4 protein chains.
Amino acid sequence: MPRMAGSKRERPPTQRRNREAEVVEAAIDVFWRKGYSAATIQDVADHVGVLKGSLYHYISSKEDLLFTIFDESHRQAQEIAASVRAADGPAIEQLRTYFERYVRWYLDNVERVSLYLNEWRFLTGERYDTVVEQRRVNERFVRGLVEAAQAEGDVYPDVDAKYACFYILGAVNGIPTWYRRRGRQSPAQIARAYADMVVGTLRGTEPRSAPRRRAPAGTV
Amino acid sequence: MPRMAGSKRERPPTQRRNREAEVVEAAIDVFWRKGYSAATIQDVADHVGVLKGSLYHYISSKEDLLFTIFDESHRQAQEIAASVRAADGPAIEQLRTYFERYVRWYLDNVERVSLYLNEWRFLTGERYDTVVEQRRVNERFVRGLVEAAQAEGDVYPDVDAKYACFYILGAVNGIPTWYRRRGRQSPAQIARAYADMVVGTLRGTEPRSAPRRRAPAGTV
Amino acid sequence: MPRMAGSKRERPPTQRRNREAEVVEAAIDVFWRKGYSAATIQDVADHVGVLKGSLYHYISSKEDLLFTIFDESHRQAQEIAASVRAADGPAIEQLRTYFERYVRWYLDNVERVSLYLNEWRFLTGERYDTVVEQRRVNERFVRGLVEAAQAEGDVYPDVDAKYACFYILGAVNGIPTWYRRRGRQSPAQIARAYADMVVGTLRGTEPRSAPRRRAPAGTV
Amino acid sequence: MPRMAGSKRERPPTQRRNREAEVVEAAIDVFWRKGYSAATIQDVADHVGVLKGSLYHYISSKEDLLFTIFDESHRQAQEIAASVRAADGPAIEQLRTYFERYVRWYLDNVERVSLYLNEWRFLTGERYDTVVEQRRVNERFVRGLVEAAQAEGDVYPDVDAKYACFYILGAVNGIPTWYRRRGRQSPAQIARAYADMVVGTLRGTEPRSAPRRRAPAGTV
DNA sequence: CATGAATGAGCTTTCATTCAT
DNA sequence: AATGAATGAAAGCTCATTCAT
C-alpha cells in the first residue's frame, strides 16, 4: 500500500522491525569484544541505542541473551555435521570436507561462534547442561570420524585418537585469536588451508619410535 | 605466655612468610576457575583465608594481581625458547623439542599458563602493551622455526607458514579445555604426543593439488 | 465480513463491555494475594489477559485502581450502618445486628473488604484523607453504639468504650487471616458466631476488681 | 583503660559498636512505617546514616533483614508462652495471664511485633515455612488453653473454640492499628484491659438460643 | 480499543578499593 | 600485618507510565 504524502512520517528504514535481532547482534558484538562477564547490559543498550531498561522487552536476562546467541550457533553446527554425515567416501575425506565447511562457517561468523566456543561456562543450571551436552555431541562426531580414519589406515595406529581430536579442535578453536575480517586471504582460502592441515596432522603424525619408513630412504 | 619485647607474637614457623606467594597462588586458582572478570577479590581473599581488605597489603589492584601472574609465565616461556635457541639441528627437530618442553611446562602449570594465554586482554594501558608484545615475541620465535623448517624442506613450500603457526599454537592453546590433572596419561606422555603432532602437521600437510602419493624425497 | 461504517467490528455479545469491572476484579484478586505494593500492573494485566499498556484505558494510575476498589467498599459499609441506624431496640442488639450483617458482607467480599481495611495507607494526598475520614466515620458509629449500650447498662461502666471498640473491630478485621471460602461453616453461621462474640465481649467483660458474681438478671 | 588527652578523638558515644543492632532497629522503623514491600533499602540506609551499599556489611539481603526482625520476636513470644505453661490454675486464668503479658510485650514493641504478625508473607522459601510453622505453634497454644477452659466449664460448650481463638487473636493483632506510644493509658493498663476483654469474650459469649440461664443470681 | 515499544527513575545487590584502628 | 567498616560507582533488573500506530 503506497503511503500518501502527508502521512506522519516516512518511517526510518532500519529502525523498525527486528529490534530483537538487532539486540542479539549488538550483544554478539559487545560480548565478543569485552567478554561476557566484563560486558554490561548498558554496553549492549548503548550499541542498540536504547535505554538499558528497554532491552528487557527483548530479553529476560543477560544470561538469556547469551543462550540465545548459542542457540543459533548450535543449530548451524549441527547442520554442518549433518551435511557431512550424509556424504560417503573415506573418513579422512569426510573430515576434510567437514573442517572446510566448519572453518568457513566459523570465519563467516567469528564473533558469534567464538562466543559459543569460549563463553559457554557462564551459563548456569539447565542451560549450562544443555550446552555442555551439545558440545559433547559435536566432539563425539569428530572423534568418530577420526577413529574411522584410523581404522581405514589413514592414521597411524599408535596415534591416540583422543588427543588428536583435542589437538585439531583446539587448532580450529584458536581461529578468533588472529582472524581479522578483510585479511589478505579469503575465508574460502583459509578454510581450505585449515582443512588441509587437519588432514595433514592426521596423516602426517608418525609415532616417534617408528622407523622413518614412511618417507622413502635417504631423506632427512 | 609472656610476650617478648620486640616480637609481637611467636609465629608458627612454617605458616608465616610467603603470604604474597599464597595470594598469587589463590588468585591463579580463582581466576582460572571463574575467569578474571567474573572472579572477585572477595573470592581470592576467601581462598587465602583473610579479609578482602587485607589483600591490599600484597597487591595494589586486581589488575596488578593478574599482571603478576603473567610475569612469571612470561619469564618461564622465555626460558624455554632460550633453551631451544641454544640447541642446533634441523629446525623441525627444534620445533619438536620446543613444543615438547612447552607443552610439558603448560601441563605442569595449566591454570597459570592458561590465564596467561587467555585473559591477557583484561589488562589495560601499558601493561596491556607489554603483554601483547611478549606474546608477539613468542609467536615470532615459532614462526621463525617454521619458516626455517620450510626452507630446510620439511614443510611443503605451498603451506602458508603464518596459518601453520596459528594452527599449531591454537592446538596447544586448547590444552586447558580438556586437560585434567590425574588423567590416565602422564604429562610427559602427552607432551610427547603433542610435539609429534606438531611435527606431523608440518610434515604431513600437502597442498591440495599435489598428487596423493607423497613426494619422493629430495624433490623439493 | 464487510465492515459497517461506524462500527469497527461486530463484537462477541457477552464478552464486550465491563472490561472496566473485569480490571477492578482482577486488581482485587492480585492486590489481595500479593499486597498492593508488591503487586504489579503487569500482574493485573496478565490476569485480565491484556497487555499492561492497555490497562491504562480503564485506569489512570495504580493508585487510582486501589481507590476505586475502596470506593465500592465504603459505599456498602455505609449502607449497612444506615440499615442498622434505621432500626431501633436496645443498642446491644443493634450491635449484634450490625456485626452480623457486617461480618456477612465481609465474608462475601473478603478480598475487596480486606484491601479496604488494610491497604488504605498506600493512598496519598486527598485520597488518603478521604479514606481516613471514611474509616473514622465508621468507627464513630460503632463507638456510639457501644457507648449507648454502656449507658443502657449492658456494658460494665468501668469498661473503656474506646478499647472495647478497638478490640472488637480488630477481632472482625482479623477475619481474612484465616477465612477460606468453602470452609465447613457457612458465612451465615460464622457471621452469627462473630456477632454473638461481639455481644459476649461487651456483656461479659467485668472490671477485674468486681466480685466474680455476675449482676443478677433483670437488673438492667 | 583511661584515655589520655591527645588521643586522636574522644569517640562519638553512640556511633561506635552495634551498628548491626542499629541497622535492625532502623529497618523495623522503616518497614513498619512504609510496609516491607514499599520500604527500600535506601530508606533504611538513610535512617542509619550510611550509603545503601554499606548496609550489606550487616545483612545479606532485604529479606534476610526481615527475617532477623522476626527471629527475635518469635523467641520472645515463645518465652511468654513458656512462662505461662509453667504456671498452673484454671485455664481461663492462664489465658488472662498469657494475654496480659502478651499484650504488654506487644505494646512495648509494637513496630517489631506488628511486623512479625503482618508481614510474614513476604518471606520466601524455607524462611516462609519456618515462620508459618512458628505462628502455627503459637495459635495451637492459645487454642489448647481455650479448649481447656471450655472443658473446665468457663466457656459455653456451644461456642466454637476455633472461631473464638481467631476472634481473640484478631482483636489483639489489631493493636498496632490504633496504638500510639504516649497515649493516655499506660501499656500496663491497656494490657490489663485487653486481658480482661479476652476473658470477657470467652466467659460472656452465650449461644444465641440459650436462655439467659447463665448467671442465676449471685452464683459462680 | 489494543498493542507493543520505549522511557526514566529507581530498586536490590555487588564490588574494587580505602583507611582508621 | 590484619581487621572491618565504609565508600562510591556501577551492575542487572523492575516497573508505572506514555504514546504512536
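Quick note on labels: first sequence line is chain A, next is B, and so on, each numbered from 1. Note that the structure is a prediction, hence the values are computed from the model and not measured.
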Flag the pair B/Y116 / B/I69 as yes when at least one side-chain heavy-atom distance between them is below 4.5 Å, and no otherwise.
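They are not in side-chain contact.
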
Under a 4.5 Å cut-off applied to non-hydrogen side-chain atoms, are C/L115 and C/R112 in contact?
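With C-beta onward as the side chain, the pair stays apart.
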
Output every pair passing salt bridge (charged side-chain N to carboxylate O under 4.0 Å, His left out) with a member in residues 47-60 of chain C, not counting sequence neighbours, ordered by first then second residue.
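Residue pairs passing salt bridge (charged side-chain N to carboxylate O under 4.0 Å, His left out), neighbours aside: none found.
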
Answer yes or no: does a side-chain N or O of D/R19 lie under 4.0 Å from OP1 or OP2 of F/dG4?
no

Near DNA chain F, which residues from residues 46-62 of chain C have a heavy atom under 4.0 Å away?
C/K52, C/G53, C/Y56, C/S61, C/K62

Counting only non-hydrogen atoms, which of residues 65-73 of chain B are less than 4.0 Å from DNA chain F?
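The stretch gives none, as no residue of it lies under 4.0 Å from the strand.
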
Find the distance [X]:[atom1] to [N]:[atom2] and express it as a whole number of Å.
X	N	atom1	atom2	result
C/K34	F/dT14	NZ	C1'	12 Å
A/E22	E/dG4	CD	P	18 Å
C/N18	E/dC1	CG	P	11 Å
D/D64	E/dT13	CG	C1'	13 Å
B/D43	E/dC15	CG	P	7 Å

Which residues pass the side-chain hydrogen bond (donor to acceptor under 3.5 Å, both in side chains) test with A/R135, sequence neighbours left out?
none

Residues that C/S114 engages under side-chain hydrogen bond (donor to acceptor under 3.5 Å, both in side chains), provided they are two or more places apart:
C/N118

Taken in chain and number order and not counting sequence neighbours, the residues that satisfy side-chain contact (heavy atoms from CB on, under 4.5 Å) with D/D64 are D/I59, D/S60, D/S61, D/T68, D/R127

D/S37 or B/Q42, whichever maps to the more 5' nucleotide of DNA chain E
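It is D/S37 whose nearest nucleotide is closer to the 5' end.
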
Working for side chain to side chain contact (heavy atoms under 4.5 Å, CB included), residues C/T130 and C/F70:
CA-CA 10 Å; C/T130 304; C/F70 289 176; over 6 Å; no

At what distance, to the nearest 0.5 angstrom, does CD of B/E72 lie from CG of B/N109?
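Reported to 0.5 Å precision, the distance equals 7.5 Å.
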
Looking at NE2 of D/H74 and CH2 of D/W120, how far apart are the two atoms once the value is rounded to the nearest 0.5 Å?
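Going from the NE2 atom of D/H74 to the CH2 atom of D/W120 covers 14.5 Å.
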
By nearest-heavy-atom nucleotide on DNA chain F, the more 5' of A/I41 and C/A39 is A/I41

End-to-end axis angle, where each axis spans five pairs of the helix from E/dA2-F/dT21 to E/dT21-F/dA2, to 10°
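Here the local axes at opposite ends form an angle of 10°.
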
Per-pair distances, 0.1 Å, donor-acceptor, side chain in residues 30-38 of chain C, under 3.5 Å, sequence neighbours excluded:
| unit_1 | atom_1 | unit_2 | atom_2 | d |
| --- | --- | --- | --- | --- |
| C/R33 | NH1 | C/D29 | OD2 | 2.5 |
| C/K34 | NZ | C/D43 | OD2 | 3.2 |
| C/Y36 | OH | C/E63 | N | 3.2 |

Among residues 122-130 of chain B, which contact DNA chain E at a heavy-atom distance under 4.0 Å?
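Within residues 122-130 of chain B, no residue comes under 4.0 Å of DNA chain E.
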
Can you name the residues that form a salt bridge (charged side-chain N to carboxylate O under 4.0 Å, His left out) with C/E119, not counting sequence neighbours?
none

Residues two or more places apart in sequence or in another chain: which of them pass salt bridge (charged side-chain N to carboxylate O under 4.0 Å, His left out) with C/E25?
none

Sequence neighbours left out, what pairs pass ring-ring contact (aromatic ring centres under 6.0 Å, His included) with at least one residue falling in residues 46-67 of chain D?
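Residue pairs passing ring-ring contact (aromatic ring centres under 6.0 Å, His included), neighbours aside: none found.
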
